[in-house]
**Q** 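Structure incoming, see below.
These numbers come from a predicted model, not from an experiment.
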Amino acid sequence: MSSRVLTDSSRKLEIYWRSIRKADEVPLRSAFRLTTETAPLMRHMTIAELTDDDLVFRLAGTGITERQGLNITGKRYGDFAEPLQVSRAVARFKAFHATPCGFVSVHREDYERGFATDVEVAGFPLRTDDGEGRMVVMIVTPLGTAPYTETGGRPIFMAPATHFEFIDVGQGVPDGEAIVQWAERTALTGGRQPDQ
């Protein structure tokens, strides 16, 4: 394995994703199925789709729903994160589709119910079944409790990542620093692409 992941669940998701990948293509959503390999992961799995410069959660496992205190299916990442975080996530999302690879990150989630946890998120790209849309399948693994901060009136606050790296699956990885800089310039220009 070329990736640096912290948890066994993340490694298992990577192994399964590699098994459904054909050649160098990003797998279709329909290729990702409930199997003996994926069933133990489903409680902490989510699938998101890029739409209108945000990520929409299309599926959230029961473990995620129980921990967060609500079902995020149909919700946007921007409902729980700051605009700059969303810009970074969208830029990284586009990059790991352009150069197929995975990612692993660690961040804190604060819940309106008054507690917080650190989570590891590992994800791999998928295409919608028409081949046009971009999705990601992620496993969100709790790592332990974290110091709680206010959620700012949101049911969940997803804090910025304290760790992020791309996972090379054989085609290299994007320039992570350039992506972050581009996302920050985009956020500062109100979503318009910055001048080159």
**Q** Checking the side chain of Asp54 only, and the main-chain atoms of Gly78 only, is there a donor and an acceptor separated by less than 3.5 Å?
**A** yes
**Q** Passes side-chain contact (heavy atoms from CB on, under 4.5 Å), Arg127 versus Glu25? Steps please.
**A** CA-CA 9 Å; Arg127 292 179 293 145; Glu25 292 187 359; 3.5 Å; yes
**Q** Do we get Arg92 above Phe164's six-membered ring, with its NZ or CZ under 6.0 Å from the centre and within 45° of the axis?
**A** yes
**Q** Check for a donor-acceptor pair, side chain of Thr46 on one end and backbone N or O of Met138 on the other, with a separation under 3.5 Å.
**A** no
**Q** Taking the side chain as every heavy atom from C-beta outward, state whether Arg58 and Thr73 have any pair of such atoms under 4.5 Å apart.
**A** no
**Q** Quick check: do Arg76 and Val86 have side-chain heavy atoms less than 4.5 Å from each other?
**A**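 When only atoms from C-beta onward are counted, Val86 and Arg76 do not touch, as no gap falls below 4.5 Å.
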**Q** State yes or no: do Tyr77 and Val119 share one hydrophobic cluster built from I, L, V, M, F, W and Y residues joined by side-chain heavy-atom distances below 4.5 Å, directly or via other members?
**A**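 They do share one cluster, since a chain of ILVMFWY contacts under 4.5 Å joins Tyr77 to Val119.
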**Q** With side-chain contact (heavy atoms from CB on, under 4.5 Å) as the criterion, how do Thr7 and Leu143 come out once you've worked through the C-alpha distance, each side chain's angles and the decisive distance to 0.1 Å?
**A** CA-CA 9 Å; Thr7 64; Leu143 299 175; 3.8 Å; yes
**Q** Show the numbers, then the answer: is there a salt bridge (Lys or Arg N to Asp or Glu O under 4.0 Å) between Arg29 and Glu49?
**A** CA-CA 10 Å; Arg29 166 65 182 89; Glu49 182 176 3; over 6 Å; no
**Q** Can you measure from CG (Asp79) to CD1 (Ile156) and round to the nearest 0.5 angstrom?
**A** 9.5 Å
**Q** Between Leu13 and Leu41, is any pair of side-chain heavy atoms under 4.5 Å apart?
**A**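 A side-chain contact exists here, since the closest heavy-atom pair is under 4.5 Å.
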**Q** Tell me if a side-chain donor or acceptor on Trp17 pairs with a main-chain N or O of Pro125 at a distance below 3.5 Å.
**A**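 Checked: pair present.
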**Q** Are Glu109 and Ile64 side-chain neighbours, meaning at least one heavy-atom pair lies under 4.5 Å?
**A** no
**Q** I'd like to check the side chain to side chain contact (heavy atoms under 4.5 Å, CB included) partners of Pro40; sequence neighbours left out, ordered by chain and number.
**A**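 None.
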**Q** Please tell me whether Met158 and Phe93 are part of a single hydrophobic cluster in this structure, the criterion being side-chain heavy atoms less than 4.5 Å apart.
**A** yes
**Q** For the aromatic rings, using the six-membered ring if either is Trp, is the centroid distance between Phe157 and Phe80 under 6.0 Å?
**A**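 They do not qualify: ring centres at least 6.0 Å apart.
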**Q** About how many Å separate CD of Glu165 and OG of Ser105, when rounded to the nearest 0.5 Å?
**A**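 That separation rounds to 10.0 Å.
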**Q** Please confirm whether the ring centroid of Phe124 lies under 6.0 Å from the ring centroid of Tyr16.
**A**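 For Phe124 and Tyr16, the ring centres are not under 6.0 Å apart.
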**Q** Got a second to check how far Gln68's CD is from Lys75's NZ, nearest 0.5 Å?
**A** 11.5 Å
**Q** How many angstroms lie between OG1 in Thr62 and CZ in Arg43, if you round to the nearest 0.5 Å?
**A** 4.0 Å
**Q** So Phe96 and Ile167, side-chain contact (heavy atoms from CB on, under 4.5 Å) or not? Walk me through it.
**A** CA-CA 9 Å; Phe96 76 66; Ile167 299 170; over 6 Å; no
**Q** Within the structure provided, determine whether Met135 and Val56 are in side-chain contact (heavy-atom separation under 4.5 Å).
**A**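 SC-SC contact between Met135 and Val56 ruled out.
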**Q** Among residues two or more places apart or on two chains, list those pairs meeting salt bridge (Lys or Arg N to Asp or Glu O under 4.0 Å) that have a residue in residues 129-155.
**A** Glu82-Arg154
**Q** Donor-acceptor pair, Thr141 side chain versus Ser9 backbone, under 3.5 Å?
**A** no
**Q** Work out which heavy atom in Pro147 is nearest to a heavy atom in Asp110; give both atom names and the distance.
**A**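 Smallest heavy-atom distance, with atoms named: O-OD1, 3.9 Å.
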**Q** Run the side-chain contact (heavy atoms from CB on, under 4.5 Å) test on Thr117 and Arg67 for me, step by step, so that the C-alpha distance in whole Å, both residues' side-chain angles and the decisive distance to 0.1 Å come before the verdict.
**A** CA-CA 9 Å; Thr117 187; Arg67 186 178 69 255; 3.7 Å; yes
**Q** Looking at Arg21, is its backbone amide N or carbonyl O close enough to the side chain of Arg18 to form a donor-acceptor pair, meaning the two atoms are under 3.5 Å apart?
**A** no
